[in-house]
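The figures here come from the full heavy-atom set of this structure, side chains too, leaving out hydrogens, waters and symmetry mates. Chain letters run A, B, ... following the sequence lines, proteins first, then strands; residues in each count from 1.
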Amino acid sequence: MELICPAGTPATLRAAVVAGADAVYCGFRNETNARNFPGLNFSTAELAEGVRFAHDHGKKVLVAINTFAQPGRVDLWHKAVDEAAQCGADAVIAADLAVLDHAANCHPGLRLHLSVQAAASTPEAVKFYVDAFRVRRVVLPRVLSVQEIAALNRMIDVETEAFVFGGLCVMVEGRCYLSSYATGKSPNLSGVCSPPEHVTYEDDAEGTAARLAGFTIDRYAQSQPTGYPTLCKGRFTAGGKTSYLFEDPVSLNAGGVLAGLKAAGVTALKIEGRQRGKAYVTEVVRAFRRAVDAVEAGGDAAEIDRILAGMSEGGRQTEGAYKKTWR
Amino acid sequence: MADEQRDGSLPLARILFPKIGALPLGTLLTKALRDLAKRQPNLFDRLGEHKSACFFVDPTDLSFAFLVVPDGERSLVRVVGKSETSSAAVFISGPILMLLGLLDGSLDGDALFFRRIVSIGGRTEAVLALRNAIDDAELRPADLLGLHGALGRLADNAILGSLRAARRLACRGLDQGERS
């Protein structure tokens, strides 16, 4: 199985390659990708240099152009595809029909991966993208169990990629409106969930209050672990009870189901976190490189939970939908 | 275990750094940043509009803080008291060894934030821009000291080695504090 690793900057791309990534995914410095945060991402020149570095080390670079083109501005998304092709990218990761169509028609030699943002989880949906745009790989939404992935793989004739570590979205991928409702910007169109210019942290007698566009989304004591300031991971009071209504702040860690994913026919394993730094990428990629190599050799991925506990959101980890323990 | 070791700080830092704080540290760091900007002008590009923001950097285990404007060749660093926050737009606080770990890229800012070791306030977008700019810069001690060649490598090895050793001690205290 290939190990697909995140990079928000050129330095992180190099760190991921050195740490053992088979491929690195990254995006341009604009809203064409779903991690459009200040100071993050690549210029065209940086991408070209990053591709050269990766290829010199026998690794690949995948370019995420995975947001949905805004009406009247589709040229920006087309330009991103053109520039990724010119830079020698090994694949483009996209979800928008207009972006996929442009890539398939204008760059027939460019490999296309269907982004998780497209939320393709049925054989019919996958076959549509394969037939219409010659998609070569589908990044699976984080709602399927290992058994469901195995069943899906038996019914399709295209590679699949599964997330194994990092942030989780509880909503149907690509269709969340929480950030947009509060701030006017969404991961789907603007490439940014909980845009930082709308996020504030304020200390008071009760601890720290995290606010998004004026909404208090969580309040925690000094020693309490926390997560990202997104509405889906906020604590709210309903029915007289205060709890994480949508989703706990917790990181996905599928280290324990790598053998199951291999048996289910998954081609590639994806680590989330283009917004994270070199230290995260280095540690997580190294741990998963060892784990994947161990599983490929017939062993198991022992101790990966312990190794990565310190990198996890809220200090906690879950196998999420892969095991669906709530059923 | 002393309380101060449970938050990733070391008593050694408190003993050592107040003496350094008495030196013209702000002047030296201002010169180092401006010299760095002359040598590597692209280093500050990722800050974008936030390069003119005033960052209040508060090492919680030291008796003083820093006001930093990371504006290329116009950069400014001042050593200030803990209460001199009025001109700051951004606040970053944490034990000095952890803050230095962010500077040299050996620690992950989000992980320290999740564990509440590092706190932020003010303009969150400027914090992110600074974090990403620093992370991509791959700064070494020699860069800040303006040293090159063998001398630079010697400084990097000595300083980074000492920081790694001190951080191991601090992190051991932190892990024990979290388990207790």
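- Scanning both residues, A:Y220 and B:R116, for their nearest heavy atoms gives CD1-NH1, 2.9 Å.
- Looking at A:A221, the atoms closer than 4.5 Å to chain B (heavy atoms on both sides) all sit in the backbone: N, CA, C or O.
- The number of heavy atoms from other shown groups lying within 6.0 Å of CZ (A:R211) is above 12.
- Contacts of A:T282 with chain B are absent, with no heavy-atom separation under 4.5 Å from either backbone or side chain.
- With sequence neighbours left out, the side chain to side chain donor-acceptor pair (under 3.5 Å) criterion links A:R142 to A:E173.
- Using a 4.5 Å cut-off between heavy atoms, B:F113 touches chain A through backbone and side chain atoms alike.
- For residues 5-14 of chain A, the interface with chain B (any heavy-atom pair closer than 4.5 Å) comprises A:G8, A:T9, A:P10, A:A11, A:T12, A:R14, sorted by residue number.
- A donor-acceptor contact shorter than 3.5 Å links the side chain of B:R46 to the backbone of A:N41.
- Interface with chain B: from residues 42-50 of chain A, residues A:E46 qualify, criterion being any non-hydrogen pair under 4.5 Å.
- Interface remark: B:L47 contributes no atoms to any contact with chain A (heavy atom separation under 4.5 Å).
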Table please: side-chain donor-acceptor pairs of residues 272-279 of chain A below 3.5 Å, with sequence neighbours left out.
unit_1 : atom_1 : unit_2 : atom_2 : d
A:E272 : OE1    : A:G167 : N      : 2.9
A:E272 : OE2    : A:R35  : NH2    : 2.6
A:E272 : OE2    : A:Q275 : NE2    : 3.3
A:R274 : NH1    : A:N33  : OD1    : 2.7
A:R274 : NH2    : A:N33  : OD1    : 3.3
A:Q275 : OE1    : A:R35  : NE     : 3.1
A:Q275 : NE2    : A:Y228 : OH     : 3.3
A:R276 : NE     : B:D108 : OD2    : 2.9
A:R276 : NH1    : A:M311 : O      : 3.4
A:R276 : NH2    : A:M311 : O      : 3.0
A:R276 : NH2    : B:D108 : OD2    : 2.7
A:K278 : NZ     : B:D135 : O      : 2.4

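- One distance of note links OG1 of B:T124 with OH of A:Y201; it measures 6.0 Å at 0.5 Å rounding.
- When each of B:E125, B:E49, B:H50 is checked for heavy-atom pairs under 4.5 Å with chain A, B:E125 comes out on top.
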